[in-house]
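Along the sequence shown, residues carry numbers from 1.
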Amino acid sequence: QVQLVESGGGLVQPGGSLRLSCAASASRFSINGMGWYRQTPGKRRELVASISRAGSTNYADSVKGRFTISRDNAKNTMYLQMNSLKPEDTAVYYCNARAGRLLGPGLYEYDYWGQGTQITVSS
């Protein structure tokens, strides 16, 4: 079982900063890749940033240079530092984790999602 709890969302003015946190708890699962996604009404959920267990990162072009993803494997926590926020960043942000579990000789992987947190960038 894997549970993800997000925190850090809220209202911020353009140009401001926020930091999102995602605390993961896993029982008999090993968390591999993690990422942040966002979704606005009428649009599909899109990847914002991802990070491997080893720390390799990828970013959407729209957030490169402004957002930084990181993780603390000892705490099973992932962060998203969001700087120079723009109104177009307004969305519900979701934490995602891919976790694997050994069952007999096989490895099974599942995607888990946080509850989502609202980010609103507005004057």
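When all heavy atoms of Thr40 and Ala91 are compared, the closest pair comes out as CG2-CB, 3.5 Å. The shortest non-hydrogen separation linking Ser17 to Ser84 is OG-N, 4.3 Å.
No donor-acceptor pair closer than 3.5 Å links the side chain of Thr90 to the backbone N or O of Glu88. Distance alone, capped at 3.5 Å, places no donor-acceptor pair between the Gln1 side chain and the Ser27 backbone. The main-chain N or O of Arg53 is found under 3.5 Å from a side-chain atom of Asn73 such that the two form a donor-acceptor pair. A distance-only check finds a donor-acceptor pair linking the side chain of Arg66 to the backbone of Ser62 [under 3.5 Å].
With a 4.5 Å cut-off between side-chain heavy atoms of Ile, Leu, Val, Met, Phe, Trp and Tyr, the cluster of Leu107 takes in Leu102.
When side chains are defined from C-beta on, Gln39 does not count as touching Glu46, because their heavy atoms never get closer than 4.5 Å. With contacts defined as side-chain heavy-atom distances shorter than 4.5 Å, the pair Lys86/Val121 does not qualify.
At a threshold of 4.5 Å between side-chain heavy atoms, the hydrophobic network of Ile, Leu, Val, Met, Phe, Trp and Tyr places Tyr108 and Phe29 in one connected group.
Both the sub-6.0 Å distance and the 45° axial angle are satisfied by Arg45 relative to the ring of Tyr94.
Ring orientation note: the planes of Tyr93 and Phe67 are tilted relative to one another, at an angle of 30° to 60°.
Residues meeting the salt bridge (Lys or Arg N to Asp or Glu O under 4.0 Å) test with Asp72, sequence neighbours left out: none.
The 12-atom threshold is not exceeded at CZ of Arg98, counting heavy atoms of other residues, nucleotides or ligands nearer than 6.0 Å.
Between Met34 and the options Ser52, Ser50, Cys95, a side chain to side chain contact (heavy atoms under 4.5 Å, CB included) holds for only Cys95.
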